[in-house]
Amino acid sequence: MSDVSYVRTEMLDERLPPRGQSGAVLWLRQNMFSNIPNSILSLAAIYFLYYLLAGLLPWIFQGSWGVGSLGECREAISAIYGDGTDGACWAVIRERFRQLIFGFYPSEFYWRPILAFVLMLLAVAPVLFSSVPRRFLWFSAFFPFVAFLLYWGGSIWFPLGVIAGFAIAYLAAVFLPKYIGSLPSIIVAFLLPVIWWLTALTPIDTALNQWVGDLRMPRLIATQTYLIDAAPIPEGKKVAAEKYLAALENLPNQKAQLSELLIKARDMREALPNAHRKMAELDELEIGATAQERTALDDVLKVESTIITLDKTINSTYKIAGRVGLVPVESSSFGGFMLSIIIGVTGITLSLPIGILLALGRQSHLFVVKTICVGFIEFIRGVPLITLLFVASTLLNYFLPPGTTFDLILRVMIMVTLFASAYMAEVIRGGLAALPKGQYEAADALGLDFWKATRLIIMPQALKITIPSIVSTFIGLFKDTTLVSIIGLLDPIGLATAIRANQAWNGIVWELYGFIALMFWIFCFSMSRYSMYLERKLATGH
Amino acid sequence: MAQAAEAKIDRSQMKVSDEVAIQITGMNKWYGAFHVLKDINLTVQRGERIVVCGPSGSGKSTLIRCVNALEEHQEGTIIVDGTELSSDLKNIDTIRSEVGMCFQHFNLFPHLSILDNCTLAPIWVRKTPKKEAEETAMHFLEKVKIPEQADKFPGQLSGGQQQRVAIARSLCMQPRIMLFDEPTSALDPEMIKEVLDTMIALAQDGMTMIVVTHEMGFARQVANRVIFMDQGQIVEQNEPEEFFGNPQSDRTKLFLSQILGH
């Protein structure tokens, strides 16, 4: 019988592992040619790769760059490389590059979107990278308003008015709880800015336009006169300048006329019989009304509609004259990658906080909150984004004061944000469910209330778990912005269709879509790389 | 089964006051249709150390989770520190900040450092300034004998160290009652001793404690009362010497023979 006892007398020290054999030949032998089947597969794969690249690379590099149409491309390639060679027609990219990037944005204002893009990178840096000092977050907070001004132009009063609304909300939330308690002051902090935005913005904008316009009036008239008489400008601009000058000179008359008409309308209203005094349309008259009463009301209504038209004309002149800001650019001029970036970045930035709130709401024990959140999420998720974009205008008009016209890009941004928020809510809910129950219990046991526990314990961990899914959703959202081409906005895909409809470029396919795909790939790959970086940075699992 | 240290712990030095810390009367709890706690009556005085033992499924953990309202009871009353626990309690968080709890699986916050784990609750619940909170945290980390780990993350610590951090984290809120839910069940024998020593030191400082555990040595050394639960009811409770030396109920005798026998 052998002796099974053993006692170690000395504990062994650590040693370094043996140095592995290295070298390319060894790597190849182990990884690609380790046995016969693997070797055959490796050779087949190498041949396949060679075949692909042999077809693709010549096509890419034997392209023609400088010509004006597809036909000319083919001729140029045949001339240089011989008949029958296949080459890419990169000339379409070169010719339409600006259009693909900026859409129909006026070229003299290109500095504005470019500046906005650079500022966007700067604004996003403190959010993405914690090594950037925290004070730059102030710039990130103001950036949306700066971007709005740069892209769409117009007076600065509108963005300032919106900022004022947020300031009102902040002041209400901070100073009111002392007097009326915390829940009422949160409600007030919600309602006050909305009331401010809906009622005060437009009148203040109009009033400021008038005030500044009047201050500038002498100089404006002088400039326009000079432009018409003396400056060397093209004929079209001269005509526009004459119209503008006429409008400016007409202003005092129009204003006087307006006050007269207002008095007249008021008097005419007073003269109406009591029952008719508040009527706004002829249809409101009772059946037995006399023809005389009918005419009286009709006259009043006519005067009032003249007043409205006149008011509009005066205001639109003042809007141009009194503008403190940049030249406005219509939304219909927006297009290309600029449009994709605007819609995509807005959707991404807004959908994350809204998604977090929806996810928390869905998990809540409060019945009303939970039902609203579940209903919203399930409705939005069950409907294609296209249908949401199509019905955007109809749906939104129901919820707002009648008569508000909604800019198309704004409608699209709202719908895209809501769509992404619903998906984001479910992604985050997955993260919340993946957290061990013990974390919730430990937070409760320490006395943290719901919002503190969510903000300090639950959300950081849930978001960390779901980083891959969140970034996936963002990437998907960014690519989904191409759907706006179906409702008439000219994003890159829409532009591609328009370019191909042009006779010079009829039939071009790979070059155009390849370029668009490359641009999208650059953005999406950057997002993906950032997500890897973020996961590595937050890994405390050891 | 691990033996606690043979240090001479003079139980008579640990004062029990007359003030009632926890009063449970006629408490019943159901999980759906399952009657998990039946007619629990328990009074805990300030400074008392209570050990709750029993087979698994007997409701011991559920009982102490009812004390800090992590679970709701359907019948009966629980009065903690003079406040009755009820389902619509407005200041449940204030109650919870006075009752510290240590879990079987530690439940440290993995995304925060040890120091941040300990200072989080004082800073955000008690609004303590950061410096003061950090000093308190270091004081308690020294008390549990791991001050040098303050800047590490929970994932880098061993089980025994994590549980001691969990104890320090609860102590940083300076609670008046400490609840322990099988604090050593997930640890290996050498680490159990570290944690038990910490809990003994706490007891010597006069903390009111309810401990659910299988560590009978700890019960013998430190507890004022040992409570045996089975099938959701308190079957027997007594002072440790009486409980271990002279168990009255057959069920208790069976349980003790199995846990102490081998």
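Please read all numbers here as calculations on a predicted model, not as lab measurements. Quick note on labels: first sequence line is chain A, next is B, and so on, each numbered from 1.
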Task: Under 4.5 Å from a heavy atom of chain A, the part of B:Phe103 involved - done: side chain

- [ ] Ignoring hydrogens and angles, tell me if any N or O in the side chain of A:Gln439 forms a donor-acceptor pair with the backbone of B:Leu108 under 3.5 Å.
- [x] yes

Task: Within 6.0 angstrom of A:Phe450 CZ, more than 12 heavy atoms from elsewhere - done: yes

TODO: Among B:Leu179, B:Asn68, B:Leu112, B:Leu70, single out the residue with the greatest number of heavy-atom pairs under 4.5 Å to chain A.
DONE: B:Leu70

- [ ] Mind listing the closest non-hydrogen atom pair of A:Leu446 and B:Val125 along with its distance?
- [x] O-CG2, 4.1 Å

Open item on the list: Within the supplied structure, the quantity of interest is the number of heavy atoms (other residues, nucleotides, ligands) at a distance under 6.0 Å from A:Lys537 NZ; does it exceed 12?
Closed with: yes

Task: A:Lys464 backbone acceptor or donor facing B:His111 side chain under 3.5 Å - done: no

TODO: Using a cut-off of 6.0 Å, state whether more than 12 heavy atoms not belonging to A:Lys479 lie near its atom NZ.
DONE: no

- [ ] Sort B:Arg126 into side chain, backbone, both or neither according to what part of it lies under 4.5 angstrom from a heavy atom of chain A.
- [x] neither

Open item on the list: Could you check whether atom CD of B:Glu190 has more than 12 heavy atoms from other residues, nucleotides or ligands sitting under 6.0 Å from it?
Closed with: no

Task: Gap between atom CZ of A:Arg455 and atom CH2 of B:Trp124 - 0.5 Å precision - done: 4.5 Å

- [ ] Verify, without hydrogens or angle tests, whether B:Asn107 (side chain) and A:Gly438 (backbone) share a donor-acceptor contact under 3.5 angstrom.
- [x] yes

Open item on the list: Looking at A:Phe142, I want to see if its CZ is surrounded by more than 12 non-hydrogen atoms of other residues, nucleotides or ligands under 6.0 Å.
Closed with: no

Open item on the list: Between A:Asp449, A:Leu448, A:Leu456, who has the most heavy-atom pairs with chain B when the cutoff is under 4.5 Å?
Closed with: A:Leu456

TODO: Quick one: pull up CG in B:Asp181 and CD in A:Glu441 and give me the separation to the nearest 0.5 Å.
DONE: 9.0 Å

- [ ] Quick one: pull up CG in A:Asp444 and CG in B:Asp93 and give me the separation to the nearest 0.5 Å.
- [x] 7.5 Å

TODO: Taking atom CZ of A:Arg135 as the centre, report whether more than 12 heavy atoms of other residues, nucleotides or ligands fall under 6.0 Å from it.
DONE: no

Open item on the list: Can you confirm whether A:Phe190 is buried at CZ, in the sense that more than 12 heavy atoms of other residues, nucleotides or ligands lie under 6.0 Å from that atom?
Closed with: no

TODO: Look at atom NZ of B:Lys145 and say whether more than 12 heavy atoms of other residues, nucleotides or ligands are closer to it than 6.0 Å.
DONE: no

